[in-house]
Number of protein chains: 2
Amino acid sequence: MNQITKTSAAEKVMVICGVAYTMSNCPVRDVLDNIGGKWNTLIIQGLADGPVRFSALRRMIPDISQRMLTQTLRDLQRDGFLTRTVFPTQPPSVEYALTDLGRSFLAVVLQLVTWSTDNHAQIRDARKAYDEAEG
Amino acid sequence: MNQITKTSAAEKVMVICGVAYTMSNCPVRDVLDNIGGKWNTLIIQGLADGPVRFSALRRMIPDISQRMLTQTLRDLQRDGFLTRTVFPTQPPSVEYALTDLGRSFLAVVLQLVTWSTDNHAQIRDARKAYDEAEG
DNA sequence: CTGCATCCCCGCCGATACTG
DNA sequence: CAGTATCGGCGGGGATGCAG
């Protein structure tokens, strides 16, 4: 039987591709958090061409609040996707850059972008048809 | 300049890989909604081997509430990832199955799973190192 | 320039109870 | 069996103001 998640006596367990994980140590969850967030993938893409300073990132993604920029950058740094280097200038400047892990992840993100654009029309059509049918 | 999103006079615009979208018609957003959700990818994987009935899905993913199962299935159906077929038995039975689009999407999800498991250890280590350094 | 703290809204999601 | 309806918590994320 192809069981995805199961509830054992004490601990919730999810089975993905035949391997069991708890909800808290599931690798897919860890990655999903870095994909599902509103700004994560945009920031990753923003760093694709090399190190970028904080204020430059803000200009690249004007819609983001600096609160979310700071927070998302910290999350991504914590997970090892990017590095943060502070230059002791006056006023200080901070540069963010993808790590090897981050570049590897960027490849996955770009595949996602490719698939999305390739199939966007189909999704929109399905959505429209569904909404018209149900009302 | 590699601008990701820009704010024009009236409408917020995001630029991904050189192409501009509004926040509401962005293809990546549409797909991200189907990836970032808590249960979407699990359900997609649950249907990998063929059509599955509602109650069978519940058994495959015991942690999910039937509220979220119903809702996520409806969302995925709306976007054209799966079909819903009702059999007029007594009591009624409903079968869910991936569409071609859904199977295509499943491939993306599986690549995500692969990348996650391959790089899980590295992420956990980075996270641990970060937490120990900062406190 | 970069970042933190605070307030607050809103949508996801869980729990529970009820229908054809 | 396969839903729907309702309530409520919790967290993501926006707006604003302050600090080094």
Side-chain angles (χ1 to χ4, degrees), chain A residues 5 7 12 14 23-24 26 29-30 32-43 46-47 51-79 82-97 134-135, chain B residues 5 7 12 14 23-24 29-30 32-43 46-47 51-79 82-97 130 134-135:
Chain A
T5 74
T7 328
K12 312 275 188 171
M14 33 195 322
M23 218 39 168
S24 52
C26 172
R29 279 275 144 249
D30 285 344
L32 250 45
D33 289 344
N34 284 325
I35 279 197
K38 190 169 180 181
W39 303 109
N40 304 52
T41 58
L42 282 175
I43 291 179
L47 298 176
V52 181
R53 289 186 43 190
F54 186 87
S55 52
L57 272 172
R58 284 196 72 179
R59 282 189 294 273
M60 291 168 73
I61 319 175
D63 286 356
I64 198 174
S65 63
Q66 94 266 58
R67 176 199 180 345
M68 288 315 296
L69 182 54
T70 302
Q71 180 175 309
T72 309
L73 284 169
R74 212 184 318 108
D75 292 344
L76 290 172
Q77 183 197 355
R78 187 170 105 98
D79 281 9
L82 52 82
T83 59
R84 188 186 108 112
T85 53
V86 182
F87 294 98
T89 58
Q90 190 54 255
S93 66
V94 181
E95 212 172 63
Y96 294 90
E134 313 292 314
Chain B
T5 75
T7 328
K12 311 274 188 171
M14 33 193 323
M23 215 44 169
S24 52
R29 279 272 143 249
D30 285 345
L32 249 44
D33 289 343
N34 283 324
I35 279 197
K38 190 169 178 179
W39 302 109
N40 303 52
T41 58
L42 282 173
I43 291 179
L47 298 176
V52 181
R53 290 184 43 188
F54 186 87
S55 52
L57 271 173
R58 283 196 74 181
R59 282 190 293 274
M60 291 168 72
I61 318 177
D63 285 357
I64 199 173
S65 62
Q66 90 271 48
R67 179 203 189 314
M68 287 315 295
L69 181 55
T70 303
Q71 180 175 310
T72 308
L73 283 170
R74 217 185 313 109
D75 292 344
L76 290 172
Q77 184 197 356
R78 186 170 105 99
D79 281 9
L82 52 82
T83 59
R84 189 187 108 111
T85 53
V86 182
F87 295 97
T89 58
Q90 191 52 256
S93 66
V94 181
E95 212 173 63
Y96 294 90
Y130 182 94
E134 313 292 314

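We use all heavy atoms of the structure for the numbers below, so side chains are in, but hydrogens, waters and symmetry mates are not. To find a chain, count down the sequence lines: A is the first, B the second, and so on, and within it residues start at 1. What you see is a predicted model, and the numbers here were worked out from it, not measured in a lab.
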- Message: Taking the nucleotide of DNA chain D with the nearest heavy atom to each, does Tyr96(B) or Pro91(A) sit closer to the 5' end?
- Response: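 Residue closer to the 5' terminus by nearest nucleotide: Tyr96(B).
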
Euclidean distance, atom [atom1] of residue [X] to atom [atom2] of [N] [Å, nearest integer]:
X: Arg53(B); N: dC1(D); atom1: CZ; atom2: C1'; answer: 7 Å
X: Asp33(A); N: dG12(D); atom1: CG; atom2: P; answer: 9 Å
X: Gln90(B); N: dC1(D); atom1: CD; atom2: C1'; answer: 9 Å
X: Phe54(A); N: dT2(C); atom1: CZ; atom2: C1'; answer: 6 Å
X: Ile35(A); N: dG12(D); atom1: CD1; atom2: C1'; answer: 18 Å
X: Leu73(B); N: dA2(D); atom1: CG; atom2: P; answer: 11 Å

Using side chain to side chain donor-acceptor pair (under 3.5 Å) as the criterion, list what pairs up with [X], not counting sequence neighbours.
X: Arg67(B); value: Gln71(B)
X: Arg78(A); value: Asp131(B)
X: Asp30(B); value: His120(A), Arg127(A)

- Task: Mind checking Phe87(B) for me? I need base, sugar-phosphate or nothing, with any heavy atom below 4.0 Å counting as a touch.
- Result: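 No contact.
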
Measure across [X] and [Y] and return the closest heavy-atom pair with its distance rounded to 0.1 Å.
X: Thr70(B); Y: Gln66(B); answer: OG1-O, 2.8 Å
X: Leu57(B); Y: Leu69(B); answer: CB-CD2, 4.2 Å
X: Trp39(A); Y: Arg29(B); answer: N-NH2, 4.5 Å

Give me the distances for all protein-to-nucleotides 9-11 of chain D N/O pairs that come in under 3.5 Å?
none

- Check each of Leu73(B), Val52(B), Asp75(B) against Ile43(B) using the side-chain contact (heavy atoms from CB on, under 4.5 Å) test, and report the only one that passes.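 So, applying the side-chain contact (heavy atoms from CB on, under 4.5 Å) to Ile43(B) and each of Leu73(B), Val52(B), Asp75(B), only Leu73(B) qualifies.
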
- Query: Of the options Asn40(B), Thr41(B), Thr72(B), which is the one that meets Asn34(B) in a side-chain contact (heavy atoms from CB on, under 4.5 Å)?
  - Reply: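 Filter result, single survivor: Asn40(B).
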
Using atom types as modelled, flag every donor-acceptor pair under 3.5 Å from a side chain in residues 83-92 of chain B to any protein atom, sequence neighbours excluded.
| unit_1 | atom_1 | unit_2 | atom_2 | d |
| --- | --- | --- | --- | --- |
| Thr83(B) | OG1 | Ala97(B) | O | 3.4 |
| Thr85(B) | OG1 | Glu95(B) | O | 3.3 |
| Thr89(B) | OG1 | Pro91(B) | O | 2.7 |
| Thr89(B) | OG1 | Ser93(B) | N | 3.3 |

- Indicate for each nucleotide in nucleotides 4-17 of chain C, in 5' to 3' sequence, whether protein heavy atoms under 4.0 Å reach the base (B), only the sugar-phosphate (S), or nothing (-). S-B------BBBBB

- Item | Any Ser93(A) side-chain N or O less than 4.0 Å from OP1/OP2 of dT2(C) |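 Answer no for this pair, as no side-chain N or O of Ser93(A) is under 4.0 Å from OP1 or OP2.
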
